[in-house]
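The block underneath contains the structure these notes are about, expressed in structure tokens.
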Amino acid sequence: MPQSYISGLGHYVPPRCVTNKDLEKLMDTSDEWIVERTGINTRHWVDIDTESTAGMGVKASLIAIKNANINVEDIDFIIFCTLSPDYFFPGSGVLVQEQLGLGTIGALDIRNQCSGFVYGLSIADQYIKTGMFKNILVIGSEIQSTGMDISTSGRNVSVIFGDGAGAAVVSASEKKNRGILSTHLHSEGKHAEELMAKDRCCTSEKGKPFNAERFYPVMNGNNVFKHAVTRFPEVINEALIKNGYLSKDINLLIPHQANLRIAQFIQRTMKLRDDQVFNNIMNYGNTTAASIPIALSEAWQQGKVNEGDLICLAAFGSGFTWASALIKW
Ligand code: ACO
């Protein structure tokens with residue numbers, strides 16, 4: 001049976017960098033409040049006239065494909081993870097297929113928000129292990145900035161999120177004990193309304209005027225925090241136990257970049273050293289499905305992900321959904 005492994009990584013964030021001071025001009029907030037509660041200093045926002053969710057995914061993918069040392073035409077399947085697709089339908093995966101000129105290969109969209117990339121990786125892992133595909137593009141891409149209330153009434157949400165894309169090429173290998181060791185997926189839909197955008201779906205009240213309360217994301221921040229700090233360690237431990245490892249064996253944990261305070265809580269709970277946890281939310285904010293592939297790509301670029309390392313990816317988000325992947329690099 002082939003093993004699956006990540007053969008290439010890439011990420012792209014739009015050039016426009018928005019500081020907390022910039023946000024102070026748009027809403028009643030402060031650099032101090034944002035840094036203290038979230039750890040975020042800057043995020044990147046698109047120029048919507050020149051960028052798209054699929055387009056940013058393509059930019060990240062081309063870097064990932066180059067780093068995988070393969071050609072674009074070697075990709076045989078696309079998995080696109082986002083909560084901010086270009087259209088309500090079709091999904092953005094088909095747009096990537098078209099923009100990359102990839103014949104008529106299959107393209108699948110994943111709607112699992114912050115956990116989307118790990119869910120996508122899990123699907124890619126299964127397809128590779130069954131021998132169905134050899135090189136799968138797994139993309140996380142988000143444009144949050146155009147879908148948030150960036151006035152004072154939306155400040156508890158809009159200071160947190162940013163735009164960007166990350167991509168991984170998941171490839172087949174005959175090497176044993178290498179690559180994706182296991183993935184673990186969970187959901188609990190009774191919490192769906194704790195973090196949601198109500199009206200961007202087919203149950204919307206057609207013909208009704210724009211209703212900001214229903215269009216913009218709403219979040220019960222305290223409850224999200226409470227569940228996140230429980231589910232993250234749970235699903236990380238599930239992956240470690242499944243593969244006979246302890247938390248001290250992790251070389252690098254890449255948690256979904258939800259909020260620096262959540263990541264620090266997980267680090268303390270799991271008794272991990274600073275060098276065992278990678279965070280870049282300070283620079284990019286929370287980019288939802290893109291946060292893990294951006295962080296993994298950046299960590300790899302910085303030489304923090306090396307052959308033989310035990311890498312753990314873990315996510316929690318809207319749904320609620322949560323997931324982990326343990327990788328022997
Ligand atoms: N700037 C200034 N003041 C603000 C802001 C802001 N951006 N946002 C909220 N406030 C105010 C509120 O109005 C409130 O004022 P009041 O006391 O006068 O009513 C006060 O700050 C406290 O509001 P809370 O919502 O209780 O703020 P809290 O301390 O819980 O912090 C936060 C909010 C940071 C969102 C926190 O709940 C949290 O970290 N939650 C975790 C959720 C999270 O990080 N989600 C990320 C996305 S989900 C995911 O990826 C898993």
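Basis for what follows: all heavy atoms, side chains included, without hydrogens, waters or symmetry-related copies. Note that the coordinates shown come from a computational prediction; the quantities given were computed from them, not determined experimentally. Order of listing sets the numbers, starting from 1, for every ligand and every atom in it.
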- Message: For a side chain to side chain contact (heavy atoms under 4.5 Å, CB included) check, start with the C-alpha distance between Ile180 and Gln3, then their side-chain angles and the critical distance, and finish with the verdict.
- Response: CA-CA 7 Å; Ile180 300 173; Gln3 262 305 113; 5.6 Å; no

- Query: Say you draw a straight line from CD1 of Ile150 to OG1 of Thr29; how long is it, rounded to the nearest 0.5 Å?
  - Reply: 13.0 Å

- Task: Can you pull out the closest protein heavy atom to atom 26 (O) of ligand 1? Residue, atom name and distance to 0.1 Å, please.
- Result: Asn222 ND2, 3.8 Å

- Message: Would you say atom 19 (O) of ligand 1 makes contact with the protein, given that contact here means a non-hydrogen protein atom less than 4.0 Å away?
- Response: no

- Could you check atom 1 (N) of ligand 1 against the protein and tell me its nearest heavy-atom contact, residue, atom and distance included? Thr29 OG1, 2.6 Å

- Task: Please determine if Asp28 and Arg155 form a salt bridge, counting it only when a charged side-chain N lies under 4.0 Å from a carboxylate O.
- Result: yes

- Query: So which heavy atom in the protein is nearest atom 9 (C) of ligand 1, and how far is it from that ligand atom?
  - Reply: Trp33 CZ2, 3.4 Å

- Query: What part of His256 sits under 4.0 Å from ligand 1 if we count only heavy atoms: the side chain, the backbone, both or neither?
  - Reply: side chain

- Indicate whether any N or O donor in one side chain lies under 3.5 Å from an N or O acceptor in the other, for His184 and Ser324. no

- Query: Hey, is atom 16 (P) of ligand 1 touched by any protein heavy atom at less than 4.0 Å?
  - Reply: no

- Task: Heavy-atom contacts with Leu195 under 4.0 Å: which atoms of ligand 1 show up? List them by number with element.
- Result: 48 (S)

- Message: Distance to the ring centre below 6.0 angstrom and angle to the axis at most 45 degrees; does that hold for Arg178 and Tyr5?
- Response: yes

- Query: Hey, which of Ser84, Ser145, Ser141 is the one that makes side chain to side chain contact (heavy atoms under 4.5 Å, CB included) with Asp163?
  - Reply: Ser145

- Query: Which atoms from ligand 1 have a heavy atom of Asn156 less than 4.0 Å away?
  - Reply: 8 (N), 9 (C)

- Query: Does atom 24 (P) of ligand 1 have any protein heavy atom closer than 4.0 Å?
  - Reply: no

- Item | Shortest protein heavy-atom distance from atom 34 (C) of ligand 1, along with the residue and atom involved | Arg37 CB, 3.7 Å

- Asn286 to ligand 1: N or O pair under 3.5 Å? yes

- Query: At a non-hydrogen distance cut-off of under 4.0 Å, which region of Met27 contacts ligand 1 (side chain, backbone, both, or neither)?
  - Reply: neither

- Message: Taking 4.0 angstrom as the limit and counting only heavy atoms of Val159, give me the atoms of ligand 1 inside it, by number and element.
- Response: 7 (N)

- Decide whether Thr288 and Gln144 meet the rule of one side-chain donor and one side-chain acceptor closer than 3.5 Å. yes

- Message: Quick check on atom 32 (C) of ligand 1 - does any protein heavy atom sit closer than 4.0 Å to it?
- Response: no

- Note on the structure: Ranked by distance from atom 51 (C) of ligand 1, the top protein heavy atom is Phe316 O, 3.1 Å

- Message: Is the distance from the ring center of Tyr284 to that of His44 below 6.0 Å?
- Response: yes

- Mind checking whether Leu296 and His11 have side chains closer than 4.5 Å, heavy atoms only? no

- Which residue holds the protein heavy atom closest to atom 45 (N) of ligand 1, what is that atom called, and what is the gap in Å? Met219 SD, 3.3 Å

- Taking atom 14 (C) of ligand 1 as the reference point, the nearest protein heavy atom with its distance: Arg155 NH2, 4.7 Å

- Item | Distance filter under 4.0 Å to Phe161 heavy atoms, resulting ligand 1 atoms | 47 (C)

- Message: With nothing but distance in play, are any N or O atoms of Gly221 less than 3.5 Å from an N or O of ligand 1?
- Response: yes

- Tell me which part of Ile34 gets within contact of ligand 1: side chain, backbone, both or neither, using heavy atoms under 4.0 Å. neither

- Query: Which one holds for Cys114 and ligand 1: side chain close, backbone close, both close, or neither close, with close meaning a heavy atom under 4.0 Å?
  - Reply: side chain

- Item | Stepwise side chain to side chain contact (heavy atoms under 4.5 Å, CB included) check, Leu252 with Val277 | CA-CA 5 Å; Leu252 201 62; Val277 185; 5.9 Å; no

- Message: Using a 4.0 Å cutoff against the non-hydrogen atoms of Gly317, which atoms of ligand 1 qualify?
- Response: 51 (C)

- What protein heavy atom is closest to atom 38 (C) of ligand 1, reported as residue, atom name and distance in Å? Asn259 ND2, 3.7 Å

- Message: Assess whether a salt bridge exists between Lys59 and Glu51, defined as any Lys/Arg side-chain N lying under 4.0 Å from an Asp/Glu carboxylate O.
- Response: yes

- Heavy-atom protein contact below 4.0 Å for atom 40 (N) of ligand 1: yes

- Query: Is atom 6 (C) of ligand 1 less than 4.0 angstrom from some protein heavy atom?
  - Reply: yes

- Right, does atom 29 (O) of ligand 1 have protein non-hydrogen atoms nearer than 4.0 Å? yes

- Steps toward side-chain hydrogen bond (donor to acceptor under 3.5 Å, both in side chains) verdict (Asn283, Thr42): CA-CA 5 Å; Asn283 306 325; Thr42 59; 4.5 Å; no

- Report yes or no: do Met282 and Ile266 belong to one cluster of Ile/Leu/Val/Met/Phe/Trp/Tyr joined by side chain heavy-atom distances under 4.5 Å? yes

- Could you tell me whether the side chain of Lys226 reaches within less than 4.5 Å of the side chain of Asn220, counting heavy atoms only? no

- For the residue pair His227 and Phe320, categorise the inter-ring angle as parallel (less than 30°), tilted (30 to 60°) or perpendicular (more than 60°). tilted

- Lys129 NZ: over 12 foreign heavy atoms closer than 6.0 Å: yes

- Near Phe225 (heavy-atom distance under 4.0 Å), the atoms of ligand 1 are 38 (C), 39 (O), 40 (N), 41 (C)

- Close-contact set for ligand 1 against Ala258 heavy atoms, below 4.0 Å: 44 (O), 46 (C), 49 (C), 50 (O), 51 (C)

